[in-house]
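Just so you know, residue 1 is the first one in the sequence shown, and it goes up from there.
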Amino acid sequence: MGRSFGYLWWSTGASNLADGVLKIGAPLLAVSLTRSPALVSLVAAAGTLPWLALALHAGALADRADRRRIMVAANLARTAVLAAAALGACLGLLNLWLLVAAVLLAGVCEVFADLTAQSVLPMTVAREDLTKANGRVSTAQMIGNDFAGAPVAGLLVVALPAAVFGAPAVLYAAAALLLLGMRGAYRPAAPAGGRRPLRREIAEALRYLWSHRILRSLAITAGLLNMANSAYFAVFVLWAVGDESRMGLEPGQYGLMTAAFAVGAVLGSLLSARVCALFGEVRTLLGAWLATSLLLLAPVAVPSAWVLYPTAVLWGMTGAAGNVLVISTRQRLIPAELLGRVNSAYRLMGMGGMPLGAALGGLAAEVAGIGVVLTGATVVCLAAVALVWRALSDRISGTLTSEPTLADISRSR
């Protein structure tokens, strides 16, 4: 796919391995510092809060400046933040507030790095290679975050807590250096009328997303799916783990579910382009989302580890395939000069309901029971898939091809 994509791919692998170490290592450090659930949860909140606060501004910047330079600067900033935290830990200054501050500042940098990465990828490969390229990037993310990051973090917490900050700092620095190998210009073209105030450019992106029926339907569906899945998995651990649970799994056995999910996700990412070639983009996306939603019922109907593990593999496969398709579709449909801003608005809609879903899932489980929450979340997922199914099927009849792509459907609006 070209030299520039190769450097971007290796940089993605390095930065996501760092993400995985920090994602698992930070909560483990928090547990070693306090046993308060409320305080431990601050670490997770610190990592996600920047997405809600800065996503739109990060997207706007990605449409104004050189995208490669933004990613280099974000990775170097993460390196500096975590190197300072590692030094503090070595000097005996590690406490919960240092941990929260480090995770929060690293999260700020992550917003700019990740949003810009999705916008720069279409500038490194041909349009017909987007699905394949996104599949490879998704594979690198899964391997770094889930396969390698988690066990490395566990070893570092026990051996040298400061390395939970230091190792990601080195990896983020490597990611920045790899990006320097990319050749060419990565600044999007300025609009014909010149640049306008930032607020107006953000508003333009929000209007574009909301007025585009296909993208709007995909964003709303993603938001509902993420909210429902957050409610589901917020209480699923209580369904699966412990003597009083329906499954009766040990914590280590539950951890195998994450590994099974990661195996499926890697397979789904790698196979997504081939499946699309066989069945078409529309059928593959709708089928993946429908299968993911229906599979949520499997461990509820049959609460057994023998059902959970293969189900987790299928969750990973269908979820990753759908994710690769949606990312590729956004990159094809959104004009280059709007890509960063509209991507950020889309992800804000998609991720904004996750904290709410988790909170509602916990409250509902207290009142109605865990099984009701798991079933209710599945119903919401199926309703969301029906919503996007209707939006896409309404457009299929207006296209001239027998196997229309999502871009074909969009042009018929």
May I ask you to decide if [Y]'s main-chain N or O and [X]'s side chain share a donor-acceptor pair within less than 3.5 Å?
| X | Y | value |
| --- | --- | --- |
| Asp129 | Lys132 | no |
| Arg3 | Met182 | no |
| Asn75 | Ala173 | no |
| Thr116 | Ala113 | no |
| Ser269 | Ala265 | yes |

Looking at [X] and [Y], what are the two nearest heavy atoms and their distance?
| X | Y | value |
| --- | --- | --- |
| Cys109 | Ala77 | SG-CB, 3.6 Å |
| Ala26 | Val103 | CB-CG2, 3.8 Å |
| Leu171 | Ala14 | CB-O, 3.6 Å |
| Val373 | Gly361 | CG2-O, 3.7 Å |
| Leu121 | Leu8 | CA-CD2, 4.0 Å |
| Val21 | Val164 | CG1-O, 4.1 Å |

Looking at OG of Ser328 and CZ of Arg127, how far apart are the two atoms once the value is rounded to the nearest 0.5 Å?
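The OG atom of Ser328 sits 11.0 Å away from the CZ atom of Arg127.
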For Met349, what residues pass the side-chain contact (heavy atoms from CB on, under 4.5 Å) criterion, not counting sequence neighbours?
Leu209, Trp210, Ala219, Ile220
Output, in order, the C-alpha distance, side-chain angles, deciding distance and verdict of side-chain contact (heavy atoms from CB on, under 4.5 Å) for Gln118 and Arg347.
CA-CA 11 Å; Gln118 286 194 1; Arg347 294 190 70 174; 3.5 Å; yes
Validation row: [X], [Y] side chains within 4.5 angstrom (heavy atoms):
| X | Y | value |
| --- | --- | --- |
| Cys381 | Thr292 | no |
| Arg67 | Leu339 | yes |
| Trp289 | Leu382 | no |
| Phe236 | Pro299 | yes |
| Trp51 | Leu348 | no |
| Arg136 | Phe5 | yes |
| Tyr232 | Val300 | yes |
| Leu29 | Phe165 | yes |

Does Arg330 count as lying over the ring of Tyr346, i.e. NZ or CZ under 6.0 Å from the six-ring centre, within 45 degrees of the axis?
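Checked: cation-pi criterion met.
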Give the C-alpha distance, both sets of side-chain angles, the deciding distance and a yes or no for side-chain contact (heavy atoms from CB on, under 4.5 Å) between Leu206 and Leu56.
CA-CA 9 Å; Leu206 291 171; Leu56 292 175; 4.2 Å; yes
Which is it for Gln331 and Asn134 under the side chain to side chain donor-acceptor pair (under 3.5 Å) test, yes or no, and what are the steps along the way?
CA-CA 10 Å; Gln331 292 167 342; Asn134 279 308; 2.7 Å; yes
Which pairs pass salt bridge (Lys or Arg N to Asp or Glu O under 4.0 Å) with one or both residues in residues 73-84, sequence neighbours excluded?
Asp19-Arg78
Under 6.0 Å between ring centres, would you say that holds for Phe233 and Trp315?
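Yes, they do, as the ring centres are separated by less than 6.0 Å.
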Start with the C-alpha gap between Ser293 and Leu225, add the side-chain angles, then the distance that decides, and say whether side-chain contact (heavy atoms from CB on, under 4.5 Å) holds.
CA-CA 8 Å; Ser293 301; Leu225 289 174; 4.0 Å; yes
Evaluate the salt bridge (Lys or Arg N to Asp or Glu O under 4.0 Å) criterion for residues Glu281 and Arg332: first the C-alpha distance (whole Å), next the side-chain angles of each, then the deciding distance (0.1 Å), finally the verdict.
CA-CA 13 Å; Glu281 285 186 358; Arg332 289 191 185 101; 3.0 Å; yes
Start with the C-alpha gap between Tyr7 and Leu177, add the side-chain angles, then the distance that decides, and say whether side-chain contact (heavy atoms from CB on, under 4.5 Å) holds.
CA-CA 9 Å; Tyr7 279 110; Leu177 291 175; over 6 Å; no
Stepwise, does the side chain to side chain donor-acceptor pair (under 3.5 Å) test hold for Tyr186 with Ser4?
CA-CA 11 Å; Tyr186 296 92; Ser4 291; 3.1 Å; yes
